[in-house]
*Asks:* 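Have a look at the structure that comes next, please.
Each chain gets a letter, A, B and so on, in the order its sequence line appears, and its residues count up from 1.
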Number of protein chains: 2
Amino acid sequence: MLIGELAKQTGCDAETIRYYEREGLLRKPSRTASGYRSYTGEHHGQLNFVLHCRTLGMTLAEIRTLQDFQANPGFACNDVNVLLDQHISRVKQQIEALHLLEKQLVALRNRCRDNLTVGECGILKTLASTSAGDRCACDQAA
Amino acid sequence: MLIGELAKQTGCDAETIRYYEREGLLRKPSRTASGYRSYTGEHHGQLNFVLHCRTLGMTLAEIRTLQDFQANPGFACNDVNVLLDQHISRVKQQIEALHLLEKQLVALRNRCRDNLTVGECGILKTLASTSAGDRCACDQAA
DNA sequence: CTTGACCTTGTAGCTACTCCAAGGTTTTAA
DNA sequence: TTAAAACCTTGGAGTAGCTACAAGGTCAAG
């Protein structure tokens, strides 16, 4: 199977597949006589593992860690649980930060319900007037 | 005021201040005889505006747009409202995606409540077995 | 035998910084 | 007076996770 076919089957861009190979997340495939990458079902499975982890928001480093676990089936899987728990709590933090952010944005938005000029706009006034000390801890939110 | 002083007053790193200047978000300050940047209260206010927008998760491009509005006080501020509304709906989408993500992660985590070996771990099995077609639309979540 | 669809490598771009090196300036202390 | 510490300068590289492009090689169909 050439890279285009694997890309089609997995829904992953061919450039991204090459990128994952460079990053060591995908075993290097054999090559055809003309140098084209030639993939097997095993590569397909490995790529799906990576893609699945990515949709769950894991970083490439985390995925690499999970792959290391996979390579050592006899080890205790507690570390897998820990990794996942950390990831979950990170997601929870993000959600919380975004909720706070949303509240602030809606409050800001409510400062200009009318159709005024930019000079009178409560939103821009608020953004300009607030001092840096009032900034909240939601920097991580974005 | 030199850059270090402005950094201290605003809580913004000096390198970031120089970066904002390069990116056109901060007016270029005058220089001392020895070439040091010399800031005024106006710069202080402008930087605070940028920082405040950043804590609200706005991109630098959005902030530039808002600054353009500021420069034209006579214009209708409706576009400001639109920009903010778009930003709010983006944040809402992110929150939703993260909620979905969290649910999936917790479900995944529940596949291994015991202390098994990696080979028996339900988490890795699930991650490996799920096909790409099952991937959800939460890619934007991270 | 040429057109088009594929593949290759290498490099640069994206966001919003952050860090570093190599050097100039200013202040402070011995 | 001089030396060290604490500033400042520019330019360039690195971060994550791709994405896009250029310049070229390969292959099947018409």
*Asks:* Just how far is it from atom SG of A:C12 to atom CG of A:L47, taken to the nearest 0.5 Å?
*Replies:* 5.0 Å
*Asks:* By the ring pair (Phe, Tyr, Trp, His ring centres under 6.0 Å) test, which pairs, at least two apart or in different chains, include something from residues 61-99 of chain A?
*Replies:* A:H99-B:H99
*Asks:* Tell me, which of residues 34-41 of chain B have any heavy atom that sits under 4.0 Å from an atom in DNA chain C?
*Replies:* B:S34, B:Y36
*Asks:* Please work out which residues in residues 21-30 of chain B have a non-hydrogen atom less than 4.0 Å from an atom of DNA chain C and list them by number.
*Replies:* none
*Asks:* Quick check: closest heavy atoms across B:L6 and B:T10, and the distance to 0.1 Å?
*Replies:* O-OG1, 2.8 Å
*Asks:* Of A:T16 and A:A33, whose nearest nucleotide on DNA chain D comes first from the 5' end?
*Replies:* A:T16
*Asks:* Identify the two heavy atoms, one from B:V91 and one from A:E102, that lie closest to each other, and give their separation to 0.1 Å.
*Replies:*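 Minimum heavy-atom contact is CG1-CB, 4.1 Å.
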*Asks:* Quick check: any donor-acceptor pair below 3.5 Å linking the side-chain of B:E15 to the base of C:dC19?
*Replies:* yes
*Asks:* Would you jot down, in residue-number order, the residues of residues 61-70 of chain B having a non-hydrogen atom under 4.0 Å from DNA chain C?
*Replies:*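 Contacting residues: none.
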*Asks:* In Å, rounded to the nearest 0.5 Å, how long is the span from CD of B:Q86 to CG of B:N81?
*Replies:*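 Between atom CD of B:Q86 and atom CG of B:N81 there are 11.5 Å.
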*Asks:* Roughly what angle, to 10°, lies between the helix axis at the start of the helix from C:dC1-D:dG30 to C:dA30-D:dT1 and the one at its end, five pairs per end?
*Replies:* 30°
*Asks:* Heavy atoms of chain B, cut-off under 4.0 Å: which first and last nucleotide of DNA chain D, 5' to 3', fall inside that, if you could look?
*Replies:* D:dC7 to D:dT10
*Asks:* Hey, could you give me the CZ/OH distance between A:R54 and A:Y20, rounded to the nearest 0.5 Å?
*Replies:* 5.5 Å
*Asks:* If you define the side chain from C-beta out and look only at heavy atoms, does anything of A:E21 sit under 4.5 Å from A:R37?
*Replies:* yes
*Asks:* Which heavy atom in B:D13 sits nearest to a heavy atom in B:A7, and how many Å separate them?
*Replies:* C-CB, 4.4 Å
